[in-house]
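Side chains are part of it too, since the values below use all heavy atoms of this structure and drop only hydrogens, waters and symmetry mates. Here the structure is a predicted model, which means the values were calculated and not measured. The chains referred to below are lettered A, B, ... by the order of the sequence lines, with proteins before strands, and numbering in each begins at 1.
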Amino acid sequence: MSAAVVLQDVGKTFASGVQALAPLSSTIKAGSFTSIVGPSGCGKSTLLRVIAGLSAPTTGRVERDAPPHSTSFVFQDATLMPWATVAANVALPLRLAGRPDAEITERVTEALARVGLDGFAGSFPHQLSGGMKMRASIARAMVTGPKLLLMDEPFAALDEFTRAKLNDDLLALWQQNRWTVIFVTHSIREAVFLAERVLVMSPRPGRVIADRAISLAGHRDDALRLSHAFTDQCADISRLLAEAIQPPVNP
Amino acid sequence: MNRIARGILPALFGVALLLLWEVMVRVKGVPVYILPAPSAIAGALWNDGGDLLVALSVTLEVTLAALILAAVTGAGIALALAQWPLAERTFFPYAVFLQVTPIVTVAPFIIIWVDNVFVVLLILAWMAAVFPIISNTLLGLKSADTNLKDLFRLYGASRMQTVARLLVPSALPYFLGGLRISGGLALIGTVVAEMVAGTSGTRSGLASRLLEASYRLELARALACFVLLSAVGFAIYAALDLFSKRLLRHWHESAKQTDI
């Protein structure tokens, strides 16, 4: 499989002198689902912005195997335009690209149906619940048929039940579309449930301290969330994170 | 409290106040050139109504022209300042200067430099009204959501697209807030300008009439002018408030229907 993103000694120091990312290297395979976990303030979001091209690394290189504008980003906040209807929000990337109206209508309708928002095209964001706003945000991200989907703690502000439901739906959508997904979260359970691979980051300046392949047999569903294999993987990553925050003292 | 009670209470208070005024003036026998009773003011409104309405239309014409000019130039200036930070640094202090200078002190110069009275009044009223629109709109343009800005960048939006689809809608509620303040200021600016410019003759506005009447100690007529000017100020505010709520009703917190 080819690489979707190659990070080579990528480091980021802000103008204020704060070093957010220690030089780190990693390769993300095309079509894979990778989660990044780490303590808060470790530079996860900075890394995602660097991968998106929204922020330039101070050292190293980022190679993306994706044509321009085929990267989508989902923020923790749904980040919808409050003055526009759900349909107009979802249509935004296509409008900016100057696509014809007929194509926009068709693709927006399809994207809304796939996230379960058919019937809400004409609603305004303030009329939707938090979970529905996030669904609209995901519809906007997938309406372009992206190659690379970057998600920055998208479900962190949602309640547990909505979050589990959106995890299931996101997984189903990924299985249909096979975008390359990089998913930042501070929930270990969410990371393990969704991803094929979990990168664990250290406290600031962030670097990758562990790279775990997640091998879970069978369908990822509610039963899996209770299985031993799942909880073992979570415990393993939880231990790694705890060590990163407070390194074990040598006797 | 229901809707009817909310409307009736202020009205009752107003009526009570007017009654008290009427009774005090009659009981104490206050001469009409010191303080006319409300009935005398109403009489002046009735008798001179046609004449005063013509003067009112003159004042209103200047006020609305100044307000529209301030809205267009204010929004345009804010947009330019937001696009070029260097321009903001260079010119914004002068906008502040425009705001803090009492227009009464500028009026004599404008009167000397400009022949046309309408233009003199327009300039002075514009000066009074434009600043809240510039500063509010500028604030709004800078308050656009940073994540949305990132999203526009990610999807390769042009500068024009970003302005039209993101910055202008983000700034709209702020612009409208500025417009509501400026509506009142445009009227104040016009009134002050009329008083200073001392316009006279048939094309004079309501403020000149007020001054004229007070010089002649026709206080009932002067107060009738005052009542009309207040009513106009109130109407301008109400109209702008309604306009703002209609534009924002679908999405902005300030215009949402509340269930009380």
Side-chain angles (χ1 to χ4, degrees), chain A residues 45-46 48-56 64 66-86 88-99 122-128 133 136-137 140-141 143-154 157, chain B residues 75 78-79 82-83 85 136-137 139-180 241-260:
Chain A
S45 298
T46 307
L48 215 55
R49 289 175 53 84
V50 167
I51 293 172
L54 288 170
S55 170
R64 248 169 287 128
H69 318 320
S70 69
T71 300
S72 284
F73 206 108
V74 178
F75 300 90
Q76 177 176 340
D77 190 79
T79 311
L80 301 171
M81 301 178 287
W83 55 83
T85 61
V86 168
N89 267 290
V90 173
L92 178 74
L94 303 173
R95 286 255 173 257
L96 292 176
R99 313 301 307 175
S123 301
F124 283 86
H126 72 90
Q127 297 169 315
L128 305 183
K133 280 184 204 163
S137 191
R140 177 180 59 195
V143 78
T144 54
K147 292 195 79 168
L148 182 59
L149 181 57
L150 305 172
M151 307 183 89
D152 189 4
E153 301 192 18
Chain B
L79 211 53
Q83 288 297 296
N136 272 30
T137 309
L139 183 67
L141 289 168
K142 288 178 175 176
S143 303
D145 186 289
T146 44
N147 285 344
L148 274 174
K149 278 195 223 162
D150 278 345
L151 215 58
F152 273 69
R153 264 177 69 199
L154 200 63
Y155 289 122
S158 66
R159 182 179 265 210
M160 274 307 292
Q161 282 177 323
T162 309
V163 168
R165 291 183 178 275
L166 177 60
L167 300 186
V168 168
S170 300
L172 187 64
Y174 294 80
F175 165 78
L176 291 169
L179 196 64
R180 270 187 299 186
D241 192 50
L242 193 70
F243 175 65
S244 159
K245 288 218 164 91
R246 280 201 78 81
L247 272 185
L248 302 178
R249 76 193 141 157
H250 283 309
W251 65 277
H252 201 256
E253 296 290 342
S254 67
K256 263 182 224 162
Q257 305 265 324
T258 46
D259 310 311
I260 298 173

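For A/R64 (side chain) and A/I51 (main-chain N/O), a donor-acceptor pair under 3.5 Å exists by modelled atom type. Counting only distance, with no hydrogens or angles, the side chain of A/D152 and the backbone of A/F75 share no donor-acceptor pair below 3.5 Å. A donor-acceptor contact shorter than 3.5 Å is absent between the side chain of A/T85 and the backbone of A/G122.
For a residue to count as touching a neighbouring chain, one of its non-hydrogen atoms must lie under 4.5 Å from one of that chain's; by this rule B/D150 touches chain A with backbone and side chain alike. Heavy atoms closer than 4.5 Å to chain B are found in the side chain of A/R49, but not in its backbone. For B/L172, no part lies near chain A; criterion is any non-hydrogen pair under 4.5 Å. Contact of A/F124 with chain B is made through the side chain alone, with heavy-atom distances under 4.5 Å. If you measure heavy-atom distances from B/S158 to chain A, you find no contacts under 4.5 Å at all. Only the side chain of A/L92 comes within contact range of chain B, with heavy atoms under 4.5 Å apart.
Between chain B and the options A/A97, A/S70, A/S72, the largest number of non-hydrogen pairs under 4.5 Å is found for A/S72.
Separation of atoms CG (A/N89) and OG (A/S123) is listed at 11.5 Å; rounding is to 0.5 Å.
Counting heavy atoms from C-beta outward, B/L79 and B/T137 have side chains that stay 4.5 Å or more apart.
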> Between A/V86 and A/Q127, is a side-chain contact (heavy atoms from CB on, under 4.5 Å) present by the stated rule, with each step listed?
Replying inline: CA-CA 10 Å; A/V86 168; A/Q127 297 169 315; over 6 Å; no

